[in-house]
Trainee: 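Below you'll find the structure I mean.
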Amino acid sequence: MADDLDHVARIQAEWARERPDVDVRPQGVIGRLHRLGGLLTEQLCVVYRRFGLSEGDFDVLATLRRAGEPYERAPSELSEHTMVTTGAMTKRIDRLERAGLVSRRRSETDGRGRVVALTDAGRELIDAAFTEHMRNERRLLDALTAEEAAHLEALLTAWLGRVEPPQS
């Protein structure tokens, strides 16, 4: 019977045996989401690495690309859109600039501000990487039926909406 249990169910069974006074049912959802998140991240990073990118690099380039023409944002906007500290963002931008994928310049509207923009090479790279990324996500999601995927998306949307603070 124990061999039929997945990793999370085995942990739950052990805790239920050792601490029957504690309700371990939440582990069934949270533990599986945590494990699934790690496994999905590993699979997503395979594609990023194929393009010479880290997960963070991909995130910055994708955020700039989503901004639309002229594919630029202030560093503070990049931090907001990627939920990365400004210090970590500076390191990412430095690395991407050295690779010729982004450029920095003074803001035309704020003389003290800076703007980060995709270069032509950066746009070509993120367009190719994003296309492959979406193929990879489709492959991963195809483990579910269309109905299961839609139901899961609705559940996750509702849950996230109740847990994550609203963004302006």
Side-chain angles (χ1 to χ4, degrees), residues 1-68 73-96 99 101-102 116 125-168:
M1 173 86 173
D3 291 339
D4 294 339
L5 301 177
D6 69 16
H7 182 81
V8 175
R10 283 191 299 273
I11 290 171
Q12 284 178 288
E14 291 169 355
W15 276 119
R17 181 191 69 230
E18 294 300 314
R19 291 293 312 271
D21 59 309
V22 176
D23 177 12
V24 296
R25 286 177 297 179
Q27 254 183 346
V29 174
I30 304 296
R32 285 183 181 91
L33 279 174
H34 183 73
R35 286 183 61 80
L36 186 59
L39 293 168
L40 291 174
T41 297
E42 285 177 26
Q43 291 295 307
L44 297 176
C45 286
V46 167
V47 170
Y48 306 149
R49 285 191 297 271
R50 254 188 242 140
F51 289 89
L53 301 171
S54 68
E55 187 177 17
D57 296 339
F58 180 90
D59 199 15
V60 170
L61 294 175
T63 300
L64 289 169
R65 180 63 173 93
R66 286 192 321 264
R73 293 185 190 263
S76 60
E77 286 181 285
L78 284 171
S79 292
E80 289 171 17
H81 287 273
T82 59
M83 298 193 310
V84 171
T85 65
T86 53
M89 183 57 66
T90 299
K91 290 178 184 176
R92 284 183 186 173
I93 294 168
D94 288 346
R95 186 172 53 252
L96 292 168
L101 302 174
V102 301
V116 179
L125 181 67
I126 193 57
D127 280 351
F130 180 72
T131 299
E132 187 61 30
H133 172 68
M134 285 293 94
R135 275 192 205 108
N136 192 33
E137 284 196 353
R138 168 54 47 211
R139 177 187 66 80
L140 292 166
L141 198 56
D142 281 347
L144 301 175
T145 67
E147 185 178 300
E148 289 169 333
H151 188 61
L152 180 59
E153 182 178 7
L155 287 171
L156 292 173
T157 299
W159 191 10
L160 186 60
R162 293 175 189 141
V163 173
E164 186 176 59
Q167 296 190 350
S168 56

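It should be emphasised that the depicted structure is a prediction, and the values quoted were computed from it without experimental measurement.
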Trainee: Identify the two heavy atoms, one from Val8 and one from Gly31, that lie closest to each other, and give their separation to 0.1 Å.
Mentor: CG2-C, 3.7 Å
Trainee: Just how far is it from atom CZ of Arg162 to atom OG1 of Thr157, taken to the nearest 0.5 Å?
Mentor: 10.5 Å
Trainee: To the nearest 0.5 Å, what is the distance between CG on Leu61 and CG on Leu96?
Mentor: 5.0 Å
Trainee: So how far is it from Asn136 CG to Met134 CE, rounded to the nearest 0.5 Å?
Mentor: 9.0 Å
Trainee: State whether the number of non-hydrogen atoms from other residues, nucleotides or ligands found under 6.0 Å of Phe51 atom CZ is greater than 12.
Mentor: yes
Trainee: Distance-only check: which donor-acceptor pairs under 3.5 Å involve side-chain atoms of residues 41-48, not counting sequence neighbours?
Mentor:
{"from": "Thr41", "atom 1": "OG1", "to": "Gly37", "atom 2": "O", "distance (Å)": "2.9"}
{"from": "Gln43", "atom 1": "OE1", "to": "Arg139", "atom 2": "NH2", "distance (Å)": "2.8"}

Trainee: Is the count of non-hydrogen atoms from other residues, nucleotides or ligands lying under 6.0 Å from Glu164 atom CD greater than 12?
Mentor: yes
Trainee: Of the non-hydrogen atoms in Arg92 and Gly56, which two are nearest, and what is the gap between them?
Mentor: CZ-CA, 3.4 Å
Trainee: Would you please test Leu33 and Trp159 for side-chain contact (heavy atoms from CB on, under 4.5 Å) and show each step?
Mentor: CA-CA 13 Å; Leu33 279 174; Trp159 191 10; 3.1 Å; yes
Trainee: Please report the closest heavy-atom contact between Val24 and Ala16, naming both atoms and the distance.
Mentor: CG2-CB, 4.3 Å
Trainee: Of all the heavy-atom pairs spanning Ile93 and Val102, show the shortest one and how long it is.
Mentor: O-CG2, 3.9 Å
Trainee: Tell me which one of Arg138, Arg50, Arg49 satisfies salt bridge (charged side-chain N to carboxylate O under 4.0 Å, His left out) with Glu132.
Mentor: Arg50
Trainee: Quick one: do the His133 and Glu137 side chains pair a donor with an acceptor below 3.5 Å?
Mentor: yes
Trainee: Taking NZ, NE, NH1 and NH2 as the nitrogens, is one of them in Glu14 or Arg17 under 4.0 Å from a carboxylate oxygen of the other?
Mentor: no
Trainee: Testing the basics here: between Met89 and Pro75, what is the closest heavy-atom pair and its distance to 0.1 Å?
Mentor: CG-O, 4.1 Å
Trainee: What's the spacing between Leu152 CG and Leu141 CG if we round to 0.5 Å?
Mentor: 8.0 Å
Trainee: Only one of Ile126, Leu125, Val60 forms a side chain to side chain contact (heavy atoms under 4.5 Å, CB included) with Arg65, so which one is it?
Mentor: Ile126
Trainee: Test of understanding: with side-chain contact (heavy atoms from CB on, under 4.5 Å), list the residues that count as partners of Thr63, not counting sequence neighbours.
Mentor: Asp59, Arg66, Arg73, Leu78, His81, Thr82
Trainee: Under 4.0 Å between a side-chain nitrogen and a carboxylate oxygen: does that hold for Arg35 and Asp6?
Mentor: no
